[in-house]
Participant: 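Below is one structure. I have some questions about it.
Quick note: residue numbers are just sequence positions, from 1.
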Amino acid sequence: MAEINFTDNQKDALKEIGNICAGNAATALSQLLDRKISIVVPRIIFLPIEKVLSAVGGVDKLVAGLMLRVLGDLPSNIIFIFSQKDAMILASLLTGKQVSESSIMTDLERSALKEVGVILANAYLGALGSFVGLGLVPTIPELIVDMAGAIIDYILIELSCKSEFALLVESEFHVPTASVTGHFFLIPNPEGLQLILQAIDK
């Protein structure tokens, strides 16, 4: 499968999208938690679907995946992937519970992660929608804790995803006491991919 190669101007446009996504999400989470959260985006790239697994640590990596559909002008699927440990840390910011190596994800943590997923989806899609000039509406997220390979298979098979590429916004969440890395993947349908590429090319 061919790679998508960008010019320097297109790379700058992608970086701008990533920074706006991160800024929106950091503001929303900071307001929710009443504490300062910063988010940085080390990279934002389009990558072939088959490279998604290596980006998150491999097929056997135990992860928490927040999955949702995007309705509106750019039908697509979104998945936020965190390692199980990082997902627990992120949930603890809302629940106030201490996290240990033996911590088990309960309904409380699951509910907290879904709430975070709603906030992140709205923040990231708001930034992307403004950039491409399209209305993007996220559905309520579904949380699955499983091996990364099983989650990606679910996206590709059960949701009948037909896109060959995903937009990866790698995100690092920082608070004074913790740091969490998450991977935001927007998997547009083929028509949606062309719309994004056309917007970046302007």
Side-chain angles (χ1 to χ4, degrees), residues 1-29 31-32 39-52 55-56 65-82 113-144 151-171 173 182-202:
M1 183 182 297
E3 301 278 350
I4 299 180
N5 296 312
F6 291 104
T7 64
D8 288 342
N9 287 339
Q10 291 169 331
K11 290 177 182 177
D12 289 342
L14 277 174
K15 186 181 295 184
E16 180 183 352
I17 294 174
N19 289 335
I20 295 173
C21 287
N24 286 2
T27 298
L29 285 177
Q31 291 173 346
L32 173 69
I39 301 176
V40 296
V41 175
R43 60 177 177 156
I44 172 171
I45 58 171
F46 277 97
L47 76 169
I49 288 292
E50 69 265 20
K51 292 189 176 180
V52 168
V56 299
L66 286 158
M67 298 180 292
L68 51 100
R69 290 184 181 273
V70 180
L71 310 177
D73 298 326
L74 184 62
S76 46
N77 294 299
I78 282 178
I79 180 168
F80 291 98
I81 294 183
F82 300 91
L113 284 172
K114 287 181 181 180
E115 188 170 356
V116 170
V118 169
I119 291 169
L120 293 177
N122 279 295
Y124 281 52
L125 289 178
L128 183 61
S130 296
F131 187 85
V132 299
L134 299 173
L136 309 179
V137 182
T139 60
I140 300 299
E142 175 184 2
L143 175 66
I144 297 179
I151 291 178
I152 300 303
D153 284 346
Y154 176 85
I155 286 284
L156 298 181
I157 299 172
E158 297 297 326
L159 300 184
S160 300
C161 176
K162 297 179 175 61
S163 179
E164 295 183 342
F165 291 92
L167 175 65
L168 164 62
V169 185
E170 192 172 80
S171 306
F173 302 74
H183 296 84
F184 168 90
F185 294 98
L186 174 72
I187 307 175
N189 62 22
E191 294 79 14
L193 175 64
Q194 289 304 315
L195 289 173
I196 297 173
L197 295 178
Q198 288 168 11
I200 292 171
D201 202 33
K202 290 180 179 178

Participant: For a side-chain contact (heavy atoms from CB on, under 4.5 Å) check, start with the C-alpha distance between I45 and E170, then their side-chain angles and the critical distance, and finish with the verdict.
Facilitator: CA-CA 9 Å; I45 58 171; E170 192 172 80; over 6 Å; no

Participant: For the pair S76 (side chain) and L74 (backbone), establish whether a donor and an acceptor sit closer than 3.5 Å, ignoring hydrogens and angles.
Facilitator: yes

Participant: Determine, stepwise, if the pair L168 / R43 fulfils side-chain contact (heavy atoms from CB on, under 4.5 Å).
Facilitator: CA-CA 8 Å; L168 164 62; R43 60 177 177 156; 3.8 Å; yes

Participant: List the steps, then state whether side-chain contact (heavy atoms from CB on, under 4.5 Å) holds for I81 with I152.
Facilitator: CA-CA 10 Å; I81 294 183; I152 300 303; 4.1 Å; yes

Participant: Where do F165 and I187 come nearest, in terms of heavy atoms and distance?
Facilitator: O-CG2, 4.0 Å

Participant: Dump the intermediate steps for side-chain contact (heavy atoms from CB on, under 4.5 Å) on F46 and L193, then the final yes or no.
Facilitator: CA-CA 10 Å; F46 277 97; L193 175 64; 3.4 Å; yes

Participant: Taking the ring centre of each residue, are Y124 and F184 less than 6.0 Å apart?
Facilitator: yes

Participant: State, to 0.1 Å, how close V52 and A166 come at their nearest heavy-atom pair, and which atoms those are.
Facilitator: CG2-CB, 4.2 Å

Participant: Is there side-chain contact between F82 and L113, with heavy atoms separated by less than 4.5 Å?
Facilitator: no

Participant: What distance separates M67 CE from I140 CD1, expressed to the nearest 0.5 Å?
Facilitator: 14.5 Å

Participant: On a heavy-atom basis, which atom in L47 and which in A55 lie closest, and how many Å separate them?
Facilitator: CD1-CB, 4.2 Å

Participant: Can you name the nearest heavy-atom pair linking L66 to K114, along with the distance?
Facilitator: CD2-CA, 4.0 Å

Participant: How many angstroms lie between CZ in F185 and CG in L167, if you round to the nearest 0.5 Å?
Facilitator: 9.5 Å

Participant: My understanding is that only one of L71, N77, V70 makes a side-chain contact (heavy atoms from CB on, under 4.5 Å) with T139; could you say which?
Facilitator: L71

Participant: Quick one: CD on E142 to CD1 on I151, what's the gap to the nearest 0.5 Å?
Facilitator: 9.5 Å

Participant: Can you give me the closest heavy-atom contact between L68 and P141, atom names plus distance?
Facilitator: CD2-CB, 3.7 Å

Participant: Please round to the nearest 0.5 Å and tell me the distance separating atom CD1 of I144 and atom CD1 of I79.
Facilitator: 7.5 Å

Participant: Could you check N19, I20, L14 and say which one makes a side-chain contact (heavy atoms from CB on, under 4.5 Å) with E16?
Facilitator: I20

Participant: For residues G18 and I44, report the shortest heavy-atom separation together with the two atoms involved.
Facilitator: N-CD1, 3.8 Å

Participant: Would the distance check show the side chain of H183 and the main-chain N or O of S171 forming a donor-acceptor pair, the cut-off being under 3.5 Å?
Facilitator: no

Participant: Please round to the nearest 0.5 Å and tell me the distance separating atom CD1 of I196 and atom CG of L186.
Facilitator: 5.0 Å

Participant: Rounded to the nearest 0.5 Å, how far does OG of S130 lie from CD1 of I17?
Facilitator: 10.5 Å

